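Take this structure first; my questions come after.
Residue numbering restarts at 1 for every chain, and letters A, B, ... go by the order of the sequence lines. It should be emphasised that the depicted structure is a prediction, and the values quoted were computed from it without experimental measurement. Below, all heavy atoms of this structure are taken into account, side chains as well, without hydrogens, waters or symmetry copies.
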Number of protein chains: 2
Amino acid sequence: MILFDMTKKILSEAQEDYLKQIYFLTETLPLAGTQALADKLGVAPASVTVMIQKLGDMGLVEYEQYKGVRLSDSGLAAALELLRHHRLLETFLHQALGYGWDEVHEEAEKLEHYISETFEARMAAWLGHPSRDPHGDPIPDSNLKFPLHPEETRLIDHLVGFEGRIVRVGTQDRDELNLFRQLGLVPGATLSVLEATDDALRVQLNKEPYLLPHSLAQKLWVEKESL
Amino acid sequence: MILFDMTKKILSEAQEDYLKQIYFLTETLPLAGTQALADKLGVAPASVTVMIQKLGDMGLVEYEQYKGVRLSDSGLAAALELLRHHRLLETFLHQALGYGWDEVHEEAEKLEHYISETFEARMAAWLGHPSRDPHGDPIPDSNLKFPLHPEETRLIDHLVGFEGRIVRVGTQDRDELNLFRQLGLVPGATLSVLEATDDALRVQLNKEPYLLPHSLAQKLWVEKESL
DNA sequence: CAAGTGTTTTAGTCATATCTAAATTATTAT
DNA sequence: ATAATAATTTAGATATGACTAAAACACTTG
């Protein structure tokens, strides 16, 4: 006899934000540390400790004193649900309401906590169930599985001679996004790598050569030109 | 020298909900009472007292002990801003995302607190700056002035022989909305009053006669058929 | 106009989520 | 291996917004 549906979440905005940042930090590291979380969330480390203890009691994270936290299965589901909300919202704001790609993040950041499952479903349908948001970031499907993009690679990993198409611009920073946009470095743009130096990449973009510092090239994902 | 922009509000969801209910209650009465607010908001009277004291300190309401509250100018502006958000959202959810008119209220109730001014403006533009929401309720314009609908009258006030068009269905109750919809009593429908009894109105709607209890007729606003 | 009834306010608690300062644990370097 | 440094946790406080119980006020009725 099921007394409570554990899949149904009643989480506060703060709790969801913690889960989201734990998700991002544990994409690279095995555990998310207290200090790192405090930095990302803009709160004091002591606040993080208290909150992750609570999230641990709720079964959303696995927490080891002085070590760090990782998401549990239910915590991961909550984080992915939130990520789906965020990226669908970004796409919808861009496509339906004409938001610039530098404007979508801030609005989605707030609304992601408050839209219903109905809203999520209707946005997805309106958009034709997109698999990427305006920056090219993948959108988990309604079962919270990521779409497969097996050809996606980091521009920085490629050698001279590579030709392909930008599929993803990995930053949320408005100034940086505007810079990418200014340079034409947006999803769909085609480029080839002309030369690689220690701290930059010379690329050809729409017939024009550009010198692309590693700091920027690092944030671009590409696919080999197919067809 | 202006230190703070008092027009820019940083109100909590709870505070906004109080202002909204004070607004609705003072549409009919000169002051909103503690008990009435408690009922509308689903909280204890003691909680209302504390909150309206705080809103009074913030200059959003005029509060007299044991008498009740009314909105100040800035409180009214905040309430109307919220009402604009709510009704634009209802219209947008209906028009853009295909929400039924019985579904829009609940979603708008939450989102109204969290959308930006940008979102408000883009919705309004997308919709062509509508002056009514899906139920026919008027939407304050961007200066928070209500659109003029001088011909709008209550169906209940009309005599036998009246012919006109429904412009507004004044309820948020889902079951009641579905009933109105079932009967074809929606904004735009034309009807005429055939007969008036003590507790009901016989009306003709799309060639079909209906017996409309006062409890329902009370909630309909109409305009005389122009053109 | 005084008494009783019902509404409103005050007082004291609780839960959430934050903070600072102090104490504790872990890591790094000598 | 120990001492210094850095990260983490605990303890105690604050703000918001809710609660219950008790006190204060206002209205209505005899």
Side-chain polar contacts of residues 46-56 of chain B - donor-acceptor pairs under 3.5 angstrom, sequence neighbours left out - could you list them?
from: B/T49; atom 1: OG1; to: B/P45; atom 2: O; distance (Å): 3.3

By salt bridge (charged side-chain N to carboxylate O under 4.0 Å, His left out) - contacts of B/K110 (at least two apart):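 B/K110: salt bridge (charged side-chain N to carboxylate O under 4.0 Å, His left out) contacts with B/E13.
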Integer-rounded Å distance: C/dT24 C1' and A/Q53 CD: 14 Å
By side-chain contact (heavy atoms from CB on, under 4.5 Å) - contacts of A/Y66 (at least two apart): none
N/O-N/O pairs, protein side and nucleotides 23-27 of chain D side, under 3.5 Å:
none

Which residues share a side-chain contact (heavy atoms from CB on, under 4.5 Å) with A/H129, sequence neighbours left out: A/A124, A/A125
Protein-nucleotide distance (B/I52, atom CD1; D/dA18, atom C1'), rounded to Å: 15 Å
B/A14 side-chain proximity, nearest of D/dT10, D/dG17, C/dT18: D/dG17
side-chain contact (heavy atoms from CB on, under 4.5 Å) involving B/K20 - partner list, sequence neighbours excluded: B/D17, B/F24, B/L82, B/E109, B/E112
Pairing residues for B/L212 by the side-chain contact (heavy atoms from CB on, under 4.5 Å) criterion, not counting sequence neighbours: B/L155, B/L185, B/L201, B/V203, B/L216, B/A217, B/L220
Under the salt bridge (charged side-chain N to carboxylate O under 4.0 Å, His left out) test, residues paired with A/E90 that sit two or more places apart: none
Members of residues 38-48 of chain A that approach DNA chain C, where some heavy atom sits under 4.0 Å away: A/G42, A/V43, A/A44, A/A46, A/S47
Those residues that, when tested against B/E107, pass salt bridge (charged side-chain N to carboxylate O under 4.0 Å, His left out) (two or more places apart): none
Residues within residues 30-37 of chain A bordering DNA chain D, heavy-atom distance below 4.0 Å: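 Nucleic-acid contacts, sorted: A/G33, A/T34, A/Q35.
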Sequence-distant partners of A/E151, salt bridge (charged side-chain N to carboxylate O under 4.0 Å, His left out), two or more places apart: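 Once residues adjacent in sequence are excluded, A/E151 has no partner under the salt bridge (charged side-chain N to carboxylate O under 4.0 Å, His left out) criterion.
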Residue pair B/L88, B/I115: steps toward the side-chain contact (heavy atoms from CB on, under 4.5 Å) verdict: CA-CA 11 Å; B/L88 280 174; B/I115 62 171; over 6 Å; no
Value in whole Å for how far the C1' atom of C/dT10 lies from NZ of B/K54: 15 Å
Value in whole Å for how far the C1' atom of D/dA18 lies from CG of B/D17: 14 Å
